[in-house]
There are 2 protein chains.
Amino acid sequence: MLTIGKLAHETGVKVPTIRYYEQIGLLPEPDRSAGNQRLYDGAHRDRLRFVRHARELGFPLDAIRDLLSLSDRPEASCAAADGIVREQLHAVRERIARLQALEEELARMIAQGCHGTIADCRVIEVLGDHALCAHDHAGGD
Amino acid sequence: MLTIGKLAHETGVKVPTIRYYEQIGLLPEPDRSAGNQRLYDGAHRDRLRFVRHARELGFPLDAIRDLLSLSDRPEASCAAADGIVREQLHAVRERIARLQALEEELARMIAQGCHGTIADCRVIEVLGDHALCAHDHAGGD
DNA sequence: CTAATCTCTCTAGCAACTATAGCTTCAAGA
DNA sequence: TCTTGAAGCTATAGTTGCTAGAGAGATTAG
Ligand SMILES: [Zn+2]
Ligand SMILES: [Zn+2]
Ligand SMILES: [Zn+2]
Ligand SMILES: [Zn+2]
């Protein structure tokens, strides 16, 4: 049996985060000690590790919730799980593409190399006028 | 003179967002009409376009606040502005690197190609055990 | 038995907006 | 002039995924 602090230590998830996950229904409510303190077992630890790992891979909590409920039904088809991962991969690739466009644009701004006053500053100028940009980075952030 | 709706239309920034920027002190309070409605001029529009463009390039509002106050002092050295942009470029590159590691890992998970039940699902298995990962994606999100 | 360390609940805050409610003002047509 | 509809106003709360603090109670080592 683990107290919340030990569970935190074993999983690398901070104590308030564990309580937060419980609050939003991502983790089940554990039993309590006579003094009302949470007591966890191995199953809780595995579940929390799963959550942490999925978070490290960038999955949003909603997707993790779905993945968890799938993993609770071992006989179900894994197509749904694979779909969630595919979706996440897609989202990650989109973010990468957007960021790479930004990277190029920022690098271009800096490459113009200005060392004067703000009045002649290339970067301030470009920031003020998207027409000076090479890309169309219109899409939301 | 522009009403807030026209300013929104001309800059592509939504009306509530403009009011929000004013509230946090990013945009100056404009004059008001007799009926208490905001009235903007060309300077306001330029400033808001600057903000929007910087946001599109991923700058946080705090950095934009600094850039704006620099651009109000045309005789100042532009080193500070360049530094902010360099910092942003650095942040973007770091985010790209992190996302690329995630992308590889997710692609690897999917490439294992599983079409069975959850009990045998590779992706659920990998999510449950970071030891099956090729990367150390420990760092924050 | 006491002191130090956990743990408890609850509230509020972060970024950067977005959405809603309930009201007032404005512009144009009949 | 009246009326209707769009646009504007303020203020509050919600979003995501936590994090920080207050003030109280529980547990454990010496
Ligand atoms: Zn410069
Ligand atoms: Zn641009
Ligand atoms: Zn599968
Ligand atoms: Zn991993």
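These figures come from a predicted structure and were not determined experimentally. So that the names make sense, note that chain A is the first sequence line, chain B the second, and so on, each numbered from 1.
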5' priority, DNA chain D, between B:Asn36 and A:Asn36 [closest heavy atom]: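 With A:Asn36 and B:Asn36 compared, the 5'-side residue is B:Asn36.
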
Go nucleotide by nucleotide along DNA chain D from the 5' end; which of A:Gln37 and A:Pro16 gets its closest nucleotide reached first?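 Nearest nucleotide further toward 5': that of A:Pro16.
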
Quick one: [X] [atom1] to [N] [atom2], roughly how many Å, whole number?
| X | N | atom1 | atom2 | result |
| --- | --- | --- | --- | --- |
| A:Glu56 | D:dG17 | CD | P | 15 Å |
| A:Gln23 | D:dG17 | CD | P | 14 Å |
| B:Arg55 | C:dA15 | CZ | P | 11 Å |
| A:Tyr20 | C:dC10 | OH | P | 17 Å |
| B:Ile24 | C:dC17 | CD1 | P | 8 Å |
| A:Phe59 | D:dG17 | CZ | C1' | 16 Å |
| A:Arg95 | D:dT16 | CZ | P | 15 Å |
| B:Arg19 | D:dA11 | CZ | C1' | 11 Å |

Categorize B:Arg38 for me: base, sugar-phosphate, or nothing, with a 4.0 angstrom heavy-atom threshold over every strand shown. sugar-phosphate

Heavy atoms only, 4.0 Å cut-off, all strands: where does B:Tyr21 land among base, sugar-phosphate and nothing?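 If one applies the 4.0 Å heavy-atom cut-off, B:Tyr21 turns out to touch the sugar-phosphate alone, with no base involved.
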
Look at [X] and [N] and indicate whether a side-chain polar atom (N or O) is within less than 4.0 Å of OP1 or OP2.
| X | N | result |
| --- | --- | --- |
| A:Thr17 | D:dT19 | yes |
| A:Lys14 | D:dT19 | yes |
| B:Arg32 | D:dT10 | yes |
| B:Thr3 | D:dA7 | no |
| A:Ser33 | D:dT27 | yes |

Among A:Ile84, A:Leu67, A:Leu68, which residue satisfies the side-chain contact (heavy atoms from CB on, under 4.5 Å) criterion with B:Leu127? A:Leu67

Any side-chain heavy atom of B:Arg47 within less than 4.5 Å of one from B:Pro28? yes

Say whether B:His130 and B:Asp136, considering side chains only, have a donor N or O and an acceptor N or O under 3.5 Å apart. yes

Which of the following nucleotides, D:dG17, C:dC8, D:dG8, is nearest to the side chain of B:Ile4? D:dG8

Most 5' of B:Pro60 and A:Lys6 on DNA chain C, judged by nearest nucleotide: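 Comparing both residues, the 5'-ward one is A:Lys6.
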
Passes side chain to side chain contact (heavy atoms under 4.5 Å, CB included), A:Arg65 versus A:Phe59? Steps please. CA-CA 10 Å; A:Arg65 199 190 304 273; A:Phe59 287 87; over 6 Å; no

Please say whether more than 12 non-hydrogen atoms of neighbouring residues, nucleotides or ligands are located less than 6.0 Å from NE2 in B:His135.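 More than 12 within 6.0 Å, yes.
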
